[in-house]
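One structure is given below, encoded as structure tokens.
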Amino acid sequence: MTLYQPFLDFAIATLQEHLDLQPYPIPEGFESKSAITGKGKRETEVLTTSYGYQSPKLRQIRAAHVQGGGALQVLNFVIFPHLNYDLPFFGADLVTLPGGHLIALDMQPLFRDDSAYQEKYTQPVLPIFETYQTHLPWGGDFPEEAQPFFSPAFLWTRPQKDEVVETHVFSAFKDYLKAYLSFVDQAEAVTDPSSLQEIEQAQRRYLNYRAEKDPARGMFTRFYGPEWTEEYIHGFLFDLERKLEMQP
Ligand code: DBV
């Protein structure tokens, strides 16, 4: 059992319980990928496994789980709603590197500076966010250009101990996911053409940013090569652009 496996198991079980969950196709060759890294006694396997689901309101629910021993563990888990809902993205980037843990957890807004939107999708999360401030303080040093994509309830923290991840971070992850599912439950389809256009624009903005700035690009390129990495990013992890191109 690795650090983030319980997070993944909880997420899938909870989604299954609350949603009409269907599989989301994972392109061939990307379900599971392994490479050997390091030399001699440092030789370790780095295994990346992918998970994909969808539901009537959620276009793509996907996870990438990287397992490379005690000094490299990642769970990147994102939910992309269908384009006819104003729902935020659920975004979790749980990263363990030799220097410690790096935790990003948020309901990433479509419209960061719209106060009605904040009222609807950030206010209800703030009490949960505040609950965790003592044990999971602000992690500092955050890319300026990423700011527009996060809400005021963005949980960004760098715990040193595994134990903090296993307890407080796991608990925050559960609370955020449950709160997200209650948003999904309440969400009603948008039909107004100009609102639909704004949603599509906001989704494209987010997608392009994440695909372009994916902080895992370097790591994946080192392990699996540039071709596999670019195809994984654009063909699975952040695939909206491709899916829209395929539509008539
Ligand atoms: N991040 C991803 C995907 C990953 C992944 C798909 C499957 O978006 C892993 C793997 N994140 C990952 C790794 C690192 C980070 C760091 C391996 C460490 C990179 C390194 O130090 O070499 C939030 N993730 C980060 C950082 C931030 C985030 C701010 C540290 C700063 C940085 O290196 O850029 N999550 C990340 C982010 C957004 C998000 C920028 C933007 C919307 O949702």
Side-chain angles (χ1 to χ4, degrees), residues 2-5 7-8 11 24 26-27 30-35 37 44 46-52 60-81 88-112 125 136 138-159 165 169 172-173 176-177 180 202-224 228-241:
T2 55
L3 193 56
Y4 299 116
Q5 188 68 49
F7 290 66
L8 186 57
Y24 185 93
I26 301 170
F30 296 89
E31 304 92 338
S32 176
K33 180 77 176 171
S34 146
T37 169
T44 40
V46 181
L47 174 67
T48 298
T49 48
S50 301
Y51 302 81
Q60 189 200 30
I61 301 162
R62 87 337 168 244
H65 190 196
V66 181
Q67 297 169 89
L72 177 62
Q73 294 289 324
V74 179
L75 179 63
N76 182 266
F77 177 66
V78 183
I79 299 179
F80 303 96
F89 305 95
F90 181 88
D93 202 12
L94 315 172
V95 180
T96 298
L97 297 171
H101 311 284
L102 181 160
I103 303 295
L105 186 58
D106 197 16
M107 316 235 186
Q108 303 188 269
L110 289 174
F111 311 108
R112 174 69 164 82
V125 192
L136 304 174
W138 179 248
D141 227 16
F142 184 74
E144 182 81 31
E145 54 183 15
Q147 296 280 4
F149 301 106
F150 290 95
S151 85
F154 175 37
L155 196 68
W156 167 247
T157 190
R158 300 173 189 261
V165 175
V169 174
F173 179 80
Y176 272 63
L177 188 61
Y180 188 79
Q203 283 236 7
R204 282 180 185 267
R205 226 174 15 241
Y206 178 81
L207 254 292
N208 291 341
Y209 180 81
R210 300 246 4 213
E212 195 181 316
K213 302 286 167 157
D214 190 342
R217 182 175 262 111
M219 172 188 87
F220 281 139
T221 302
R222 262 196 326 281
F223 298 146
Y224 309 130
W228 185 93
T229 299
E230 290 312 311
E231 195 48 35
Y232 190 48
I233 291 172
H234 294 283
F236 180 64
L237 290 176
F238 304 106
D239 71 353
L240 178 67
E241 203 101 276

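All figures in this text were calculated on a predicted structure; none of them were measured in a lab. Counting starts at 1 for both ligands and their atoms, in listed order. Along the sequence shown, residues carry numbers from 1.
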Are R205 and F149 in a cation-pi contact, defined as NZ or CZ under 6.0 Å from the six-membered ring centre and within 45° of the axis?
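So R205 doesn't make the cation-pi contact.
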Need the list: ligand 1 N/O atoms against protein N/O atoms, distance under 3.5 Å, rounded to one decimal.
| unit_1 | atom_1 | unit_2 | atom_2 | d |
| --- | --- | --- | --- | --- |
| ligand 1 | 1 (N) | D93 | OD1 | 3.2 |
| ligand 1 | 1 (N) | D93 | OD2 | 3.0 |
| ligand 1 | 8 (O) | N76 | ND2 | 3.3 |
| ligand 1 | 8 (O) | R210 | NH2 | 2.6 |
| ligand 1 | 11 (N) | D93 | OD2 | 2.8 |
| ligand 1 | 24 (N) | D93 | OD2 | 2.7 |
| ligand 1 | 43 (O) | Q108 | OE1 | 3.4 |
| ligand 1 | 43 (O) | Q108 | NE2 | 3.4 |
| ligand 1 | 43 (O) | R210 | NH1 | 2.7 |

Which pair of heavy atoms, one from [X] and one from [Y], lies closest together, and at what distance?
X    : Y    : result
T96  : L3   : OG1-CD2, 3.4 Å
T49  : S32  : CG2-OG, 4.0 Å
M107 : S151 : O-CB, 3.6 Å

Is the backbone of A211 close enough, under 3.5 Å, to the side chain of R217 for a donor and an acceptor to pair up by distance?
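The answer is yes, because a donor-acceptor pair under 3.5 Å joins these two groups.
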Side-chain heavy-atom pair Y24, Y51 within 4.5 angstrom cut-off:
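Side chain of Y24 against side chain of Y51, heavy atoms only: no contact under 4.5 Å found.
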